[in-house]
Each structure stands twice: as C-alpha cells, then as structure tokens.
Amino acid sequence: QVQLVESGGGLVQAGGSLRLSCAASGGTFRRYAMGWFRQAPRKDREFVAGIMWSGVNTDYADSVKGRFTISRDNAKNTVYLQMTNLKPEDTAIYYCAAGNVIASLRNANEYDYWGQGTQVTVSS
C-alpha cells in the first residue's frame, strides 16, 4: 500500500510561483508512474502533468504547458510540480497519484493510489 502526501499549496497572486511536493511511502517509488491532477469547484477532475518511472517521459495538459514542470527524485521518494506564471484559473485542489501500470499518464483511472490533495488559490 502506497501513501501519498502532498504539500506546498497556498495562496499566491497571479503571475507568482509555487512548488508542490508529493512524498510517497509504503511502496517502491521508483516503479511507479506519477501524476498530478486538479479539481476546481464545480468542475471535473482534470489531468495536469505526469511523469513515468524513469523520469524521462513526461506529459502536460495544454493549459499548463510551458508554465508547469513535473520532476521526481527517486532517492527521496518525492515528485514535484513547479508552477510558474500562475493564473486565477489554476485555482483548484491538486492531487498526486501513483500508478504501477500506466499506458496513458492522462488517464486518472489507471492510477492506483491518490493523495488527499493540497489547495492552490491564485488571486487576480
């Protein structure tokens, strides 16, 4: 059983930056693909970014491409989401997810474990 704990959320002004972290425990972190998803009020959960176990292959939603960067440190069992040039529409709860067998990083149904989420609020 893998446990995921997100941190780093908060309130930031538009144009600002935040770095989210997701610490994993209870499993072999380096074997898992990792993803970040978000859910805004009254909206469906959406894919933000994903990274395969090796750290080489990544994928981003079009809405964050060029502004967000996903990375992982397998020695620290942690995945990061560096967010820059934040916009009010980035306001959401951000969730970290881990999956053992992932064909598409964008598909939430392929992930096995989820964190509790961290709130990101971007003011205009």
Side-chain angles (χ1 to χ4, degrees):
Q1 188 77 6
V2 175
Q3 292 82 43
L4 303 173
V5 179
E6 302 97 334
S7 61
L11 174 63
V12 64
Q13 288 187 332
S17 300
L18 282 174
R19 188 176 81 156
L20 305 184
S21 299
C22 173
S25 61
T28 305
F29 178 76
R30 66 179 181 275
R31 295 181 180 175
Y32 288 91
M34 303 297 295
W36 285 98
F37 292 77
R38 67 187 182 187
Q39 187 165 20
R42 298 175 297 280
K43 291 189 176 181
D44 292 333
R45 180 177 54 188
E46 65 175 355
F47 169 76
V48 176
I51 187 167
M52 295 302 284
W53 65 271
S54 66
V56 173
N57 295 323
T58 59
D59 193 14
Y60 295 91
D62 289 344
S63 59
V64 306
K65 201 169 293 184
R67 300 188 297 122
F68 291 10
T69 302
I70 189 170
S71 62
R72 66 190 296 160
D73 186 336
N74 287 344
K76 295 183 178 180
N77 291 352
T78 302
V79 63
Y80 304 97
L81 185 68
Q82 179 67 50
M83 306 185 293
T84 63
N85 191 21
L86 283 160
K87 304 175 181 181
E89 52 263 42
D90 294 317
T91 295
I93 299 174
Y94 283 70
Y95 297 92
C96 169
N100 194 11
V101 180
I102 298 287
S104 170
L105 289 166
R106 297 178 176 233
N107 187 353
N109 293 328
E110 295 190 29
Y111 291 84
D112 303 301
Y113 304 101
W114 292 82
Q116 294 299 306
T118 185
Q119 176 71 48
V120 172
T121 303
V122 184
S123 63
S124 57

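Screening V122, T121, T91 for a side chain to side chain contact (heavy atoms under 4.5 Å, CB included) involving L11 leaves a single residue, T121.
Here CG of N85 is found 8.0 Å from OG of S17. Values are rounded to the nearest 0.5 Å. Expressed to the nearest 0.5 Å, how far CG of N107 lies from CD1 of I102 amounts to 7.5 Å. The line from CE of M52 to CG of L105 is 5.5 Å long, rounded to the nearest 0.5 Å. The structure places OG1 of T69 at 8.0 Å from CG of L81, a figure rounded to the nearest 0.5 Å.
Proximity of a side-chain donor or acceptor of T84 to a complementary backbone N or O of R67 within less than 3.5 Å is detected. Judged purely by atom type and a 3.5 angstrom limit, D90 has no side-chain atom pairing as donor or acceptor with the backbone of V120. Of the possible polar contacts, one joining the E6 side chain to the G117 backbone as a donor-acceptor pair under 3.5 Å is found.
The disulfide (SG to SG under 2.5 Å) contacts involving residues 9-108 comprise C22-C96, where partners must be two or more places apart or lie in separate chains. Legend: salt bridge (charged side-chain N to carboxylate O under 4.0 Å, His left out) pairs involving residues 101-111, not counting sequence neighbours, sorted by first then second residue: D59-R106.
Linking Ile, Leu, Val, Met, Phe, Trp and Tyr whenever their side-chain heavy atoms come within less than 4.5 Å puts M34 and Y113 in one cluster. Clustering ILVMFWY residues whenever any of their side-chain heavy atoms sit less than 4.5 angstrom apart, transitively, puts V79 in the very cluster that holds Y60.
I70 approaches I51 most closely through the heavy-atom pair CD1-CG2, 3.7 Å. Nearest heavy atoms, Y80 versus D73: CE1-CB, 4.1 Å. The nearest pair of heavy atoms linking S124 to A14 is CA-CB, 4.4 Å. When all heavy atoms of Y94 and L20 are compared, the pair lying nearest together is CB-CD1, 3.6 Å. Of all heavy-atom pairs between Q3 and G26, the closest is OE1-CA, 3.9 Å. In plain terms, the two heavy atoms of A24 and L4 that are nearest each other are CB-CD2, 3.6 Å.
No side-chain heavy atom of F68 sits under 4.5 Å from any side-chain heavy atom of W36. Counting only heavy atoms from C-beta outward, the side chains of W53 and R30 never approach each other to under 4.5 Å. Looking at heavy atoms from C-beta onward, V64 lies in side-chain contact with R38 at the 4.5 angstrom threshold.
Environment of CD in Q39: crowded, with over 12 heavy atoms of neighbouring residues, nucleotides or ligands closer than 6.0 Å. In K65, the NZ atom is crowded: over 12 heavy atoms of neighbouring residues, nucleotides or ligands sit closer than 6.0 Å.
By the ring-ring contact (aromatic ring centres under 6.0 Å, His included) test, F37 pairs with F47, Y111, W114, sequence neighbours left out.
Cation-pi geometry between R72 and F29 is met: the NZ or CZ atom falls under 6.0 Å from the ring centre, inside 45° of the normal.
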